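What you see below is based on every heavy atom in this structure, not just the backbone, and it leaves out hydrogens, waters and symmetry mates. Computed from a predicted model, the values in this text were never measured in an experiment.
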Amino acid sequence: MFSRGARTWMSATPPGSDVAGARGPVSAEEAHLRHLVHRVHGGDLAAFEQLYEATKEDAARTLRHLVGNRVEVDDLLQETYLRLLTAVKGFRGESRFKTFLYRVCANVALSHLRWRRRRPEDPFADPPEVVATGEDPERAAERRQAARLVEAALEKLKPKKRIVFVYAELCGMSPDEIALAVGSSPNTVRSRLHHARLEFTEAMQRLVAARPVGGSHGRP
């Protein structure tokens, strides 16, 4: 579905790749996170700090996928963990902890995306430069161009559709896993995902067709 450049831009270890159903085997990482949650339930705030350190990179990467590469995620990350500090009291192990965390990320992202839809931005604004050491300039230009197109296409999706699309296409999560993360039914997720894929593909086709020769801003 994505171009090679788009996949290059968004490549990362899928944050949902280790999320399994509640009945699946518990990994050493999951056992550690649940132990920290148990300590938080007992009022151990130092354990929450350890929980933050253990999951913050995953949460930041997920938020970046959900809201776009042009957004500075530090404030959203802070809000996510402020919400988690209260929400974690309700975690009882029905799902993997990271699925629970992704639900908080989704709620924060949903609020931000709804706010942003009331304040439209330039969809082709350059994302922050992330230059890999020794990266070929032509490949870097291709990645930046793909980033602009993908972000612009994602902007066309309504917030709830964007979230399920990102979790499915970029995080590799199943409809059942996404349903747990967004607090919806698997059938609702499948419906949103179906329409999101169609709308994303149509948006990408229109953006590519309308793109000026030489790049989105007419530059070579």
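With rounding to the nearest 0.5 Å, the separation of CG in L76 from CD in Q78 is 10.0 Å. With rounding to the nearest 0.5 Å, the separation of NZ in K161 from NE2 in H195 is 6.5 Å. Expressed to the nearest 0.5 Å, how far CG of L77 lies from CG of L84 amounts to 10.5 Å. Rounded to the nearest 0.5 angstrom, T99 OG1 and D176 CG are separated by 11.0 Å. Summarising the geometry, atom OG1 belonging to T188 is positioned 12.5 Å from atom CD1 belonging to I178; distances are rounded to the nearest 0.5 Å. Rounding to the nearest 0.5 Å gives a distance of 12.5 Å between CG of L33 and CZ of F100.
Looking at E30, its side chain does come within 3.5 Å of a backbone N or O of F97 through a donor-acceptor pair. The backbone N or O of A153 lies less than 3.5 Å from no partner atom in the side chain of R206, so there is not a single donor-acceptor pair. No donor-acceptor pair closer than 3.5 Å links the side chain of S191 to the backbone N or O of N187.
Residues E79 and H112 form no side-chain contact, since every pair of their non-hydrogen atoms from C-beta on lies 4.5 Å or further apart. Put simply, the side chain of L149 reaches to within 4.5 Å of the side chain of M204, judged on heavy atoms. Two residues are said to be in side-chain contact when any heavy atoms from C-beta on lie closer than 4.5 Å; L110 and L113 fail this criterion.
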Practice task
Could you walk me through whether R162 and K156 pass side chain to side chain contact (heavy atoms under 4.5 Å, CB included), step by step?
Solution key: CA-CA 9 Å; R162 175 172 179 155; K156 304 297 183 183; over 6 Å; no

Practice task
Show your reasoning for whether side chain to side chain contact (heavy atoms under 4.5 Å, CB included) applies to H65 and Y167.
Solution key: CA-CA 9 Å; H65 283 327; Y167 275 154; over 6 Å; no

Practice task
Go through D44 and L36 one step at a time and tell me if the side chain to side chain contact (heavy atoms under 4.5 Å, CB included) criterion holds.
Solution key: CA-CA 9 Å; D44 186 349; L36 292 176; over 6 Å; no

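Among all heavy-atom pairs drawn from S111 and R83, the shortest one is OG-NH2, 3.6 Å. Considering every non-hydrogen atom in both S95 and L180, the closest pair reads CB-CD1, 4.0 Å. Closest of all the heavy-atom pairs between A196 and L157 is O-CD2, 3.7 Å. The two residues A152 and L207 come nearest to each other via the heavy atoms CB-CD1, 3.6 Å. A pairwise comparison of heavy atoms in C105 and T62 identifies CB-CG2, 4.4 Å as the closest pair. G172 and E177 make their closest contact through O-OE1, 4.3 Å (heavy atoms, listed as atom of the first residue, atom of the second, distance).
Of the listed residues (R197, M173, R192, E169), just one forms a side chain to side chain contact (heavy atoms under 4.5 Å, CB included) with V164, and that residue is R192.
In this structure, L45 is not a member of the same hydrophobic cluster as L82, with clusters built from ILVMFWY side-chain heavy atoms closer than 4.5 Å.
Residues passing the side-chain hydrogen bond (donor to acceptor under 3.5 Å, both in side chains) test with D75, sequence neighbours excluded: none.
Note on R61 versus E57: no salt bridge recorded, every NZ/NE/NH1/NH2 to OD/OE distance being 4.0 Å or above.
For residues 36-60, the set of pairs meeting the ring pair (Phe, Tyr, Trp, His ring centres under 6.0 Å) definition, not counting sequence neighbours, comprises Y52-Y81.
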